[in-house]
Amino acid sequence: MRKWMIGAVLAIGLAGGALAQGAEIEGVISSQIEAFKVDDFAEAFTYAAPSIQGMFRTPENFGRMVTQGYPMVWRPADVTYLDLHEEAGRYVQVVRIEDAQGTVHFLGYSMIQTGDGWKISGVQVLDAPGVSA
């Protein structure tokens, strides 16, 4: 009985840690999206991983890429957080975004943990669930 209790306490503790981690990741993505909504590309850039910051070098370049390549993120009508999973040693948060025209997009946000907290290391447009090529 004692082993079962220890196992249950450990499982609950691990689940709580995963929930907290998920909440932190969602918070980072939400904060970046909120910055995009008001065209605060300097703030949005702070949520990008160092590798992304190095690639785009300035918030202006980053903002241009987002407005041209990811308009659904720049001006979303609705954002819903779905699955958070580990994939090839990184965390991927799946996000359902409805754009201003009512089109639904599914995005995979690759996340890394840095000394400054969670950062977005990439975003990939995903196939809709249940759709295969």
Side-chain angles (χ1 to χ4, degrees):
M1 180 70 155
R2 183 176 177 164
K3 286 182 182 180
W4 182 85
M5 292 287 282
I6 292 171
V9 168
L10 181 59
I12 290 168
L14 292 175
L19 289 174
Q21 182 172 276
E24 290 174 23
I25 287 172
E26 288 179 17
V28 168
I29 297 168
S30 292
S31 294
Q32 187 181 62
I33 289 172
E34 289 303 312
F36 285 142
K37 285 181 179 179
V38 295
D39 294 335
D40 188 348
F41 298 116
E43 177 69 16
F45 197 55
T46 67
Y47 300 104
S51 61
I52 300 297
Q53 291 180 356
M55 186 184 319
F56 291 100
R57 292 190 231 170
T58 70
E60 295 77 23
N61 290 339
F62 181 66
R64 196 168 18 265
M65 178 275 300
V66 170
T67 59
Q68 293 173 4
Y70 295 89
M72 74 290 277
V73 173
W74 178 47
R75 292 292 188 261
D78 186 59
V79 177
T80 303
Y81 294 92
L82 303 174
D83 180 46
L84 173 64
H85 61 275
E86 191 172 351
E87 186 177 292
R90 62 191 164 103
Y91 284 94
V92 176
Q93 174 67 61
V94 178
V95 181
R96 178 193 180 275
I97 295 182
E98 184 176 333
D99 65 23
Q101 291 73 38
T103 303
V104 173
H105 307 269
F106 292 89
L107 302 165
Y109 278 77
S110 295
M111 305 296 296
I112 61 166
Q113 193 163 29
T114 71
D116 295 326
W118 288 99
K119 300 290 181 177
I120 300 166
S121 62
V123 178
Q124 178 182 10
V125 177
L126 306 172
D127 290 331
V131 175
S132 61

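Hydrogens, waters and symmetry mates play no part in the numbers below; they use all other heavy atoms, side chains included. Along the sequence shown, residues carry numbers from 1.
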In terms of hydrophobic clusters joined by side-chain contacts under 4.5 Å, are Ile29 and Ile52 together? yes

Would you say Ile25 and Val92 are hydrophobically clustered, going by side-chain heavy atoms of ILVMFWY under 4.5 Å? no

Pair Val73-Ile97, side-chain contact (heavy atoms from CB on, under 4.5 Å): steps then yes or no: CA-CA 7 Å; Val73 173; Ile97 295 182; 4.0 Å; yes

Looking at every heavy atom in both Arg57 and Phe45, which two are closest together, and how far apart are they? C-CZ, 4.0 Å

Taking C-beta and beyond as the side chain, do Asp78 and Arg96 meet within less than 4.5 Å on heavy atoms? yes

Is it true that a side-chain atom of Thr103 and a backbone atom of Asp99 form a donor plus acceptor pair closer than 3.5 Å? no

So if you build clusters from Ile, Leu, Val, Met, Phe, Trp, Tyr with side-chain heavy-atom gaps below 4.5 Å, do Tyr70 and Tyr81 land together? yes

Indicate yes or no: does Arg75 engage Asp39 in a salt bridge with an N to O separation below 4.0 Å. yes

Is there side-chain contact between Trp118 and Tyr91, with heavy atoms separated by less than 4.5 Å? yes

Flag side-chain contact, heavy atom, 4.5 Å: Tyr109 against Val28: no

Can you find a pair of side-chain heavy atoms, one from Pro76 and one from Lys37, that are under 4.5 Å apart? yes

When hydrophobic residues are tied together by side-chain contacts of less than 4.5 Å, even through go-betweens, does Met72 share a cluster with Met65? yes

Side-chain heavy atoms under 4.5 angstrom apart, residues restricted to Ile, Leu, Val, Met, Phe, Trp, Tyr: same cluster for Leu126 and Met111? no

Does any part of the side chain of His85, heavy atoms only, come nearer than 4.5 Å to the side chain of Val94, both counted from C-beta? yes

